[in-house]
Every structure is written in C-alpha cells, then in structure tokens.
J.: 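Mind looking over this structure? Questions follow.
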Amino acid sequence: MSETYNPGRIEPAIQSRWEQDNAHRAERGDGERFYCLSMFPYPSGKLHMGHMRNYTICDVISRYQLMCGKRVLQPMGWDAFGLPAENAAMANGVPPAQWTRDNIAHMRNQLKSLGFAIDWERELATCDPDYYRWNQWFFLKLLERGIAYKKTGTVNWDPVDQTVLANEQVVDGCGWRTGAPVEKREIPMYYLRITDYADELLASLDDLDGWPERVRTMQANWIGRSEGAEISFACGDETIKVFTTRPDTLMGATYMAVAAEHPLATRAAENNPELAAFIAECQKGGTSEADVATQEKLGMDTGLKAIHPLTGAELPVWVANYVLMGYGEGAIMAVPGHDERDFEFALKYDLPIVQVISLPEGRAYDHQQWHDDYAAKDGELLNSGQYDGLSCQKGFEAIVADLEKNNAGRGRIQFRLRDWGISRQRYWGCPIPIIHCEDCGDVPVPEDDLPVVLPEDLVPDGAGNPLNRCEEFVNTPCPKCGRPARRETDTMDTFVDSSWYFLRYTCPHNDRAMVDETTSQWMPVDQYIGGIEHAILHLLYARFWTKLMRDESLVSVNEPFARLLTQGMVLAETYYREDEFGRKTWYNPADVDVERDDKGRLIRAVLAADGGEVQPGGVEKMAKSKNNGVDPQALVDQYGADTVRLFSMFAAPPEQSLEWSEAGVEGAWRFLRRLWSGVHAHVEGGVLPGRVPEKTDGPARDLRRLLHETIGKVGDDFGRRYTFNTAIAAVMEFTNHLNRFEPREDNDRLLVQEAWESVVRLIAPVTPHIAESLWQSLGRDGSVFDAGWPAVDESALVREALTIVVQVNGKVRGRIQAAPSSPKELVEEAALAEENVARFVDGKTVRKVIVVPDKLVNIVAT
RNA sequence: GCCGGGGUGGCGGAACUGGUAGACGCGCCGGACUCAAAAUCCGGUUCCAGUGAUGGAGUGAGGGUUCGAUUCCCUCCCCCGGCACCA
C-alpha cells in the first residue's frame, strides 16, 4: 500500500477492473431487482454541476442498494433532440446531428471518468432511428384510437424571420434574433387527449406515496379540477357559452368578456374597424401564460348585448385580453363583485360592480378597493332575488337546477389541464409520420415503412424548418393512391422522447418491439432522481404516456416511478453583455473575475479575457442558454472523481437548491487523505481481516459504541432519508475519533480493524474508488461492493449514563448524569440539586416540573 | 400575475416526532513542525459583556399558541423553481 493517497493512479485502474468484471451489468447477481434511474441529460456539450449532482445521487443510492444485495439497474442515455442543437448549428454551421453526437461522445467519457455504476450496454439516444421509430409507431396507434388528433393552436410568430419561436426565444415580447415584436398565430397541430386521463392522473397521485408532497401538490394544481357550471347566454342569434366555478354569483354578472380569437369577436369586428384594430393589438406579445397573466388588462366593448339567463337583463359583451381562448370556452361571465380580475377590469372601464355575497358582520363592501375576502365562499347570497339568504353552496345548487330547467346551463367539471400539443415546426426532432395527399388528405405512414428517418445533414439557419426545403424528404408518393404527396415536416415535442425512455432501457436492443416481457420485470422504476424543474411537465407526460401504453397492453404498471427524489437545482451567477440592438451575450462564470465588498456583495465583474466589464444577470439554474454551467472536469483532473463526488454530496442535502461555490472541495480532499493515512498507519502494524474484537472497555468501548451508532445512522441516511451530507458528516466525525484512538492491546487492534473495514464500507457508495483500494489494503479479497453493508451490533450501543439537560423557565442552566430510564422523581431531585440550577431557583416557587425521559428537565419557577 | 419551495454564524450546512440552536466542513485566529514556505498536526472560533466561572441577545421581519418554537398558526419582506415551444 502506498503511503499517500493518489487518485490519479487508483481511479483508472479500479474503473478498468470494474469494466473487466462487468461489475455494473444489470444482469449480474440474483438479488431482488432495483431500478435506479436519473433523468437523462440533454447533450449540451459538457457535464455541469447539476448533472454531476444528479448522477452522483443516483450512483450513491445504486451502490448502497448493491451493497444491500440488490440486483441494480442504473442506465444512462441521451435526450438528444431539441433546440440547442439547432442554435449551435446556426452559430457554427455544424449539422445538429454531428454536434449532438460529438457532445455525447465527450460527455460519455466524462461520466465514465466519474466512476458511476452505469450499465453502458443499455445506453440509448433519442435521435437514433432505432429509438424514435417507436415514437412514430405508437403515435400511429394513438391516431387510430383517437387519442391523437389535429386542431389549430397558438404559436409565437416572428414576422421578420417568418418562423415559429419557442417561448424561450421570445424576449420582452420580441424575437431573440430579429428584435421584431412577435405575434400570435394560429396553425394546425397534432394534439394528444391528455384531458381524457385528467381524472386518473389526479386520482392516482394519491397512490404515489414515494413522491414528495410538493410535487404531488404542484401536479394536482396543474391538472386543476374544478366543479362549476356551463351557462349559455343568448346574444342575438348566437349563444355565448361560458364556464364558471361560481354559478352562485350569477346574479352579480354585469358584463361578458370573450377572448380576442373568439368567433363572436371576429364577427363583431367585421364592420367595426376600431374593434378589429384592438383585436390585432391583442395578437401582439408572446403566448406564454406568464406573459398573458402579467400584461395590462385591456378590453373593448363589442356593442353586442347578451341576455342574462335568469333575469333577462342585457349585459354588454367585451373583448378582453385576459380571457384565454385555450381555456374553458374562451368566454367568461364577469362578476366584478367577487372576482379580482373582473373587479380590476370593471373599475378601469367603469362597468358596474354588484355585491351578491355577504361579508362577515361589520365588514362593508368597498366598491373602489378589492379585498381578498370578496372571493370567499363563507357568506350568503344577497341582491340575488329569490336566492337571497342561501349559502354559497345552496345558492350554487339552486341556480344550477334552475338553469337546467331553462335549458340554459348545467353542472360541469372543468380541468385546467389542456390537451398536449406535440407538433413542433423544427428540424431536429422525431418526424411525425404523416403524408399529406391532395386527394386522400392526411395519411398515416404504413407501419412497414417506419421509421420515417430524419435526414441528418441539414443545417438550420433561423428562417423556418429546413425540412420544408428538403425535397428528398418532403416528396413521397401517397401510400393510399400512389400519387405525389408531401410528408409532414413538423417534428414531435421532445417531451415525447422523454416520456418512455425509462421503459426502453429495459430492452434497448429489441428491434421487433417497443418494449417486451423484461420491461414488466423491471418496472416500475424503484427510484427516480431528477431536477425539481421537471416536477410538472416531464413527470406528468411520462405518467400519461405510461397509462397510454398500459391501455395498449404494452406495460402492466399504472405509474412509472414508485419513488421520486427531486434534486434541488445547482445555481450560478450569470453574466452578460448587451449589444447595440439589446441582444445579450452570456459569459461563463469561469471566465469572469469578480470583485466583492466586505459583505460579499458583488461590486464589479470583468471578463478575464479582455478585462472589460460584464453585467451580473442574477443567480439562475445552470443552463446552456445562460452559459452559467460550471464544468466539474477541472476539479476532477485536480482532485480525482472521489473528491468531487464526496464534495458534491457533502455540500447540501439533495432536495435543496445549491448556489455553486468551490470553497470546501479542499475539505473533502483532506478527509480522503486522512482516511488513507489512517488505514495506512493501521496496515503498517499488520492486518487482521474480518476480525471483530472481544468485549471492550473504557475508550475502546466508547469508540465501538460510536462506530455502531454511526453504522446505524449512515444506513438510515442512505436508505431512508437520502441526506448524504449528514451521512458523510457522521463518517467524518467517527473517522476523527478513530484516528485519535491509540490501541494499547491486541483487542484494540481488532477494534481498529473492524472500524476501518466499516468506515470503508460506509463511505463506499460515495467514494467507490478509494473504498475498493482500501478494502484490499485491509487484507480483504474481492470488491467492497460484494462485501455487504455492515451490520449494527446492538450490544455495542448500550450506555450506563446519559446527560440530561436541566432548564429553568426554558433556559438551559445545567446538566446532570443519570442512568437510562431513571425514575422521574430521581431525575427531578438531581436536577433541583444541580448547583447552577439551584442558584436560579433560589428565592422562587417551583410551579411545575416537566421531565422528558432521558433528555430534559424544565423547572417552571416564579 | 398564478402554483410550489426556501431564508439559521464570515460561508456551505446540522438540529429526523415541539425538547441542549450552530453537528460536520470551509474560512479565519493562535500554536507545533520547518532555515523558510507548502503540506500536515494541535487548540480556538454565533454576537455582545466578562481574565474567567458565567450572563444577555440570537434561526428573514412582526405578532400568536406553548412550561418550551428553527420546528405549529397569522401577517409581511426577500430569493429560487414552474407556468404548457428551454430541457
């Protein structure tokens, strides 16, 4: 054994031994299966600390389960389609396919150098036709079933580049490359009926008890089930249908509002140029909900009148930009008295505000100022004619009943969730397998002709999808009539790719089926790990897709992920410079030098390369788009994989977001060196592999008790709590004690042998290379991962005396020693007798004494 | 704007079920070793007062419940994530 720790030498050697032994193949072993999965990365170029953290967490859990005797599947793959490859192509002229595959090659090497127990035989990339053919195959099944369908949807349109923009490419309402104000545009797209599964997606959240509560809450709110009513308002010869969650407030409706895209608005604008101009105005700006929700509420009267279905009163019909065509019916009945947005709008445009729900005793309704309790459902109806005096619930029921009687409405359940639009007007994605024929219409590509292969040599230039101009791709005979036809050039949302990759890992090389019988052997995923930013969309789509595949009898599970760990994001400062057109160039924090004041606040940041100033853009998640990803490679080169792994697990608990800082890497490095030299010192005196001490006493007994307490804690932290930082802290603490312990007799050396063997196994999931190496130095054969997890010796845990804290009026005033489970009276007596305690009680009357067994005494004295 | 989460020493964090606030680590200070430096080892380190024993304050701000609150409740401030075409 070498005297000093040299990761540069041991890590590659151990990695090649693992490879030779096929140590990480999922087929290996015969224990219970454990499928441990991390969200696959987008191959953006280099690993960043967010990846590092994610995959280290996954590896720690995998290796811990491996040591517990499980047969572990830890796969890896690439979410390889997507926008950044097109952006890179525009910047460098390199085809997205080449850029993506180069990135994958580089990142695969990086992952391998980190020593993850990944079964590389199962690697997949979503841009491979072998993978995406099954997207196409399944899409056609969904089309047959009517789950996939076509309708129009709204996109961001850049009028200069004549192209559709992603929300990310819309900056302050303008196109990112052209700076032109974007417009909303309606185009035909394919959708999946996720709303058909809304009830089940909501209900089965209750079964996901291995998921964080916050994720379940977010998904439930996203699905957004609400009970309400649809109500029809006559408007000339037309009917305006609305959905409301508050039919009880119907008597307070004072106007109607429709979305700018509503057919009624279009009709009303035909001979009203002013209204037409307003509707055109509403087309400006981005499509994202955040954009719509934060824009100023604007409206215009159409001049049309709608008839209140119960009172017959005439209500003005307005066009309003806060009403969304995509939600509900694209029209609302406005009740300014009890809806905050309607109140704001009514105040602005001087529309009547009528209170129809009473407030608590003594509260008066203020028509000039909104208060949150106006929206409450605690009061009774008033100003509502025959319904006056009813509770909101009773009023709801009575009004819905009367509407049903008049054929003017009915109770209805509405979801916030909208159908999933999967068409993307982009090149670098999975082609949608449809052929458009002038005579036959939209014809599915026959199953035998799959996959529709994406040509890999095109280079996007920012002006639309290059597939449109690729004649070899577009021109094809119609499968039905054989006459010339055109292929669909839209590709699929990349969320389709990531909605089932975890199933494909179970049979990645099967070229005859999407999934097979091995899939159900591994599913569901026992532990899924990924960023909290995926809490809603990716996880919801993956759940939905799994249910779709279940309904095609392809999988047997209802839910794909039994247990979920949502990793907090790794954040870093962003830096940018703005050019004369307001376009921002982002600089990597590694290339920026920062000056701070004595409180650590940033004063000035300059680019190291040219010394010129750059602007701080705030702390954000590490991402390609803001170029603030920190590459762990430099640290791995300097300290080795184990140090970086140890540090990234020690820095914070996994669920918490983490602002990146390198301070502390030294500490991880020092710990591993101390570990190494501690084992070395012991080995110098001769090893005693696998031996356990006889009865211990004095300091040896204390050390052994701490050892077994530590074994218990670390196992609990790895297996149940997933707090790797506290597990590591406990190992460090024990190692500090162990290094200070001086063996006096042979039995002490047996204890030290037991202790080092335990420490090496406890830390092995986090720092596998050094653990393998030390395991052998300690005289043990084989891999530490075959050695099993150390067992707690209960007899070592027994204590004779405990320290009990004594408080006087809630403040700690002293400590006493007592045997475990001492009788209350005895502890109380000892507490009152303690010198400093007595000083504080002196001259006062003891009113009460609270004794928490084996822990604490609180004396209440006045 | 809406939904979800977070805020504890100079810094990352610990305190798991309402019971010793600050484990472990970084940084800093002091010491040992060294011709010297690095590395390493030992000791100290929430703030204020005190040589010290010890006392007072303290977990974003304010209020409440409790013998006792970082933990539970209410109001507010700030930060982060998501908002359906970033992944």
J.: Would you please confirm or rule out a distance under 4.0 Å between OP1 or OP2 of B:C67 and any side-chain N or O of A:K848?
T.: yes

J.: Sequence neighbours left out, what pairs pass side-chain hydrogen bond (donor to acceptor under 3.5 Å, both in side chains) with at least one residue falling in residues 78-89 of chain A?
T.: A:W78-A:E123

J.: Would you list the atom pairs, donor with acceptor, under 3.5 Å between side chains in residues 656-675 of chain A and any protein atom, with sequence neighbours excluded?
T.:
| from | atom 1 | to | atom 2 | distance (Å) |
| --- | --- | --- | --- | --- |
| A:S661 | OG | A:A663 | N | 3.1 |
| A:E666 | OE2 | A:Y639 | OH | 2.8 |

J.: Under 3.5 Å for both distances, Watson-Crick or G-U wobble, that's the pair rule; now give the dot-bracket for RNA chain B, with | marking pairs to another strand and [ ] for crossing ones.
T.: (((((((..(((......[....)))((((((.......))))))((((....))))..(((((..]....))))))))))))....

J.: Return no unless some side-chain N or O of A:N739 is found under 4.0 Å from OP1 or OP2 of B:C41.
T.: no

J.: More 5' along RNA chain B: A:A668 or A:P84, using each one's nearest nucleotide?
T.: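 Counting from the 5' end, the first nearest nucleotide belongs to A:A668.
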
J.: Summarise how protein sits on nucleotides 12-22 of chain B as a single string, 5' to 3': B when a protein heavy atom is under 4.0 Å from the base, S for sugar-phosphate-only contact, - for no contact.
T.: BSSSB--BBS-

J.: Who pairs with A:K626 by side chain to side chain donor-acceptor pair (under 3.5 Å), at least two apart in sequence or on another chain?
T.: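 Expected list: A:E620.
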
J.: Residues in ring-ring contact (aromatic ring centres under 6.0 Å, His included) with A:F502, at least two apart?
T.: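 ring-ring contact (aromatic ring centres under 6.0 Å, His included) check on A:F502 returns A:F561.
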
J.: Encode nucleotides 45-54 of chain B as B, S and - characters from 5' to 3', where the letter depends on protein heavy atoms closer than 4.0 Å: B to the base, S only to sugar-phosphate, - to neither.
T.: ---------S

J.: Once salt bridge (charged side-chain N to carboxylate O under 4.0 Å, His left out) is applied, do any residues pair with A:D493, and if so which ones, sequence neighbours excluded?
T.: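 Checked A:D493 against salt bridge (charged side-chain N to carboxylate O under 4.0 Å, His left out); matches are A:R424.
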
J.: Of all residues at least two apart in sequence or in a different chain, which pass the ring-ring contact (aromatic ring centres under 6.0 Å, His included) check with A:W99?
T.: none

J.: Using a 3.5 Å cut-off and no angle test, enumerate the donor-acceptor pairs between side-chain atoms of residues 852-861 of chain A and protein atoms at least two apart in sequence or in another chain.
T.:
| from | atom 1 | to | atom 2 | distance (Å) |
| --- | --- | --- | --- | --- |
| A:D854 | OD1 | A:S821 | N | 2.8 |
| A:D854 | OD2 | A:S821 | N | 3.4 |
| A:N858 | OD1 | A:G810 | N | 3.0 |

J.: Can you name the atoms? Protein N/O to nucleotides 37-40 of chain B N/O, anything below 3.5 Å, with the distance.
T.:
| from | atom 1 | to | atom 2 | distance (Å) |
| --- | --- | --- | --- | --- |
| B:A39 | O2' | A:R673 | NH2 | 3.3 |

J.: Please verify the inter-ring angle class for A:Y55 with A:H51; under 30° counts as parallel, over 60° as perpendicular, anything in between as tilted.
T.: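 Parallel, since the angle between the ring planes stays under 30°.
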
J.: Mind checking whether A:F81 and A:W428 have parallel, tilted or perpendicular rings, split at 30° and 60°?
T.: perpendicular

J.: Dump the pairs, protein N or O against N or O of nucleotides 29-32 of chain B, anything under 3.5 Å, distances to one decimal.
T.:
none

J.: Tell whether A:Q169 reaches the base of B:C86 with its side chain through a donor-acceptor pair below 3.5 angstrom.
T.: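 No, no donor-acceptor pair under 3.5 Å.
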
J.: Would you classify A:V292 as touching base, sugar-phosphate or nothing, given that sugar-phosphate means primed atoms plus P, OP1 and OP2, and contacts are heavy atoms under 4.0 Å?
T.: nothing

J.: Between A:Y501 and A:F40, does the ring pair (Phe, Tyr, Trp, His ring centres under 6.0 Å) criterion hold? Intermediate values first, please.
T.: CA-CA 9 Å; A:Y501 74 106; A:F40 63 169; 3.7 Å; yes

J.: Once you round to the nearest 0.5 Å, how far does CD1 of A:I187 lie from OG1 of A:T154?
T.: 9.0 Å

